[in-house]
Amino acid sequence: MLCGISYMWTNGLAIMPELPEVETIRRELHSQILRRRLNNVTVLDPRLVQASQPKAFETRLMGALITNVARRGKYLMINVESDVLILHLMMSGRLHLRARTDIRPHTRLLLTLDDDQALHFVDVRRFGRAWITEEAHSHEVVGHLGPEPLDAGFDWRSLAIRLRGRHVAIKTALLDQRTVAGIGNIYADEALFAARIHPETPVNLLSPPKLRALTASIVTVLESGIAHQGTTFSTFETSEGSPGNNQGHLKVFRKTGQPCPSCGKNIRRIVLAQRSTHYCSNCQRKPRTVSTK
DNA sequence: AATGCTACCTGCGCGC
DNA sequence: TGCGCGCAGGTAGCAT
Ligand SMILES: [Zn+2]
């Protein structure tokens with residue numbers, strides 16, 4: 001299914017990995033590489049491991065047994081015996097399990113397994129990053145993250161705590177990973193639509209009932225995304241090659257000019273926090289105290 | 001402390 | 001047909 005979206009890579013892939021996409025990849029990887037051994041590790045682009053020397057990075061992982069594949073927000077965590085390999089795909093990072101010799105353009109990292117297969121980290125835009133740490137929870141890149149929205153303990157109070165003392169637009173706050181981990185541009189717009197909250201609403205003006213609604217909507221849209229194996233705008237492959245199809249379930253994201261599925265009014269697009277933002281001006285009203293530009 | 005803005009990077013669509 | 005511009009995205013880092 002196409003959504004009038006026309007940009008994709010030459011290999012036909014166009015996803016923006018947020019929590020549901022990373023979780024989909026995590027589940028596939030878990031079934032594919034758990035208890036496999038890393039026979040070889042090759043850093044093809046030093047930029048990927050900026051924080052460390054490529055050689056040291058490689059040797060630290062070489063020969064290690066993969067004991068778990070986990071996720072924190074949008075970060076993928078491949079546990080080996082005594083270390084954790086943390087990966088962030090950013091926008092264009094992809095993981096493919098395929099023949100170790102089948103190296104395609106833009107491959108940045110090769111994790112060769114104990115057969116002819118390798119996990120290929122392919123990243124056209126080179127924004128993706130990789131780290132190795134002994135203790136993932138306190139690591140610099142995940143230590144500051146907000147609560148996991150799909151954990152049992154996530155409720156409107158934990159959201160309220162993270163918004164305390166702040167005055168930014170709610171969409172800006174949702175894109176800030178310290179507020180809630182894993183929300184990106186797609187699911188921020190979808191969650192705000194589902195909760196009937198205008199994206200420019202200052203967070204200090206959100207009542208507890210609105211925060212409750214938003215909390216529930218965040219959980220709903222993320223779970224829906226996972227249930228549909230993530231959002232893609234073209235011939236998306238997960239690492240196994242099966243397509244995600246959550247794009248067919250989005251209500252407002254990149255639906256500018258199309259009728260709101262709730263009221264029929266045209267979906268609007270604005271730029272907020274330097275990001276495309278889509279909403280229904282009828283279903284998502286600005287509080288009166290916010291002046292219209 | 002909180003917030004805003006830019007750099008980073010590349011392929012593709014669009015307009016001329 | 002060819003070229004160049006602008007867009008898309010998440011995060012770190014810097015400025016205010
Ligand atoms: Zn509407």
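Reminder, nothing fancy here: chain letters follow the sequence lines and each chain counts from 1.
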Subject >> Earlier contact from the 5' end, DNA chain B, for A/Arg166 and A/Phe127 >> reply: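 The answer here is A/Arg166.
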Original post:
When you match A/Arg275 and A/Gly165 each to their closest nucleotide on DNA chain B, which lands nearer the 5' end?
Top reply: A/Gly165
Original post:
When you look at A/Lys265 and A/Ser281, which way does the side-chain hydrogen bond (donor to acceptor under 3.5 Å, both in side chains) test go after all the steps?
Top reply: CA-CA 8 Å; A/Lys265 195 158 190 246; A/Ser281 58; 2.9 Å; yes
Roughly, in whole Å, what's the span from [atom1] in [X] to [atom2] in [N]?
{"X": "A/Gln274", "N": "B/dT6", "atom1": "CD", "atom2": "C1'", "answer": "8 Å"}
{"X": "A/Tyr187", "N": "C/dG10", "atom1": "OH", "atom2": "C1'", "answer": "15 Å"}
{"X": "A/Met91", "N": "C/dC7", "atom1": "CE", "atom2": "C1'", "answer": "12 Å"}
{"X": "A/Leu87", "N": "C/dT11", "atom1": "CG", "atom2": "C1'", "answer": "16 Å"}
{"X": "A/Gln50", "N": "C/dA12", "atom1": "CD", "atom2": "P", "answer": "11 Å"}
{"X": "A/Asp123", "N": "B/dT10", "atom1": "CG", "atom2": "P", "answer": "9 Å"}
{"X": "A/Leu48", "N": "C/dG10", "atom1": "CG", "atom2": "P", "answer": "19 Å"}
{"X": "A/Arg104", "N": "B/dT10", "atom1": "CZ", "atom2": "C1'", "answer": "19 Å"}

Original post:
Does the C/dA8 base have a donor-acceptor partner in the side chain of A/Arg125 within less than 3.5 Å?
Top reply: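 Looking at the base of C/dA8, it does pair with a donor or acceptor on the side chain of A/Arg125 (distance under 3.5 Å).
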Original post:
A/Ser276 has a side chain; which of C/dT11, C/dG9, B/dT10 sits nearest to it?
Top reply: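 From the listed options, C/dG9 comes nearest.
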**OP:** Ignoring the backbone of A/Lys74, work out which of C/dA8, B/dC8, C/dT11 is nearest its side chain.
**Re:**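 The listed nucleotide nearest to A/Lys74's side chain is C/dT11.
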Original post:
Out of A/Leu85, A/Leu48, A/Thr42, which one pairs with A/Phe57 under the side-chain contact (heavy atoms from CB on, under 4.5 Å) rule?
Top reply: A/Leu85
Original post:
Going by heavy atoms in the side chains, are A/Lys74 and A/Pro17 under 4.5 Å from each other?
Top reply: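 The answer is no, as the side chains (C-beta and beyond) never meet within the 4.5 Å cut-off.
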Does [X] use its side chain to pair, donor to acceptor, with the backbone of [Y] at less than 3.5 Å?
{"X": "A/Thr215", "Y": "A/Leu211", "value": "yes"}
{"X": "A/Arg268", "Y": "A/Thr256", "value": "no"}
{"X": "A/Arg285", "Y": "A/His198", "value": "no"}
{"X": "A/Ser217", "Y": "A/Ala213", "value": "yes"}

**OP:** Verify the distance criterion only: is there a donor paired with an acceptor across the side chains of A/Glu21 and A/Tyr187 at less than 3.5 Å?
**Re:** yes
**OP:** Mind checking A/Arg129 for me? I need base, sugar-phosphate or nothing, with any heavy atom below 4.0 Å counting as a touch.
**Re:**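 Contact class for A/Arg129: none.
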**OP:** Would you mind classifying the nucleic acid contact of A/Arg269 as base, sugar-phosphate or nothing, using non-hydrogen atoms under 4.0 angstrom?
**Re:**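 Touches sugar-phosphate only.
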OP1, OP2 of [N] versus side-chain N and O of [X]: anything below 4.0 Å?
{"X": "A/Arg162", "N": "B/dA2", "answer": "no"}
{"X": "A/His88", "N": "C/dG10", "answer": "no"}
{"X": "A/Ser92", "N": "B/dG11", "answer": "no"}

Original post:
If you measure from CZ on A/Phe154 to CD on A/Glu148, what distance do you get to the nearest 0.5 Å?
Top reply: 10.0 Å
Original post:
Quick one: stems for DNA chain C, with Watson-Crick or G-U pairs under 3.5 Å, at least three in a row?
Top reply: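 Looking at DNA chain C, the stems formed by three or more consecutive pairs are B:2-16 with C:2-16.
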Subject >> Aromatic centroids of A/His96 and A/His120 separated by under 6.0 Å >> reply: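 No, the ring of A/His120 stays outside the 6.0 Å limit from the ring of A/His96, centre to centre.
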Original post:
Where along residues 167-185 of chain A does a heavy atom come under 4.0 Å from DNA chain C, residue by residue in number order?
Top reply: A/Gln177, A/Gly184, A/Asn185
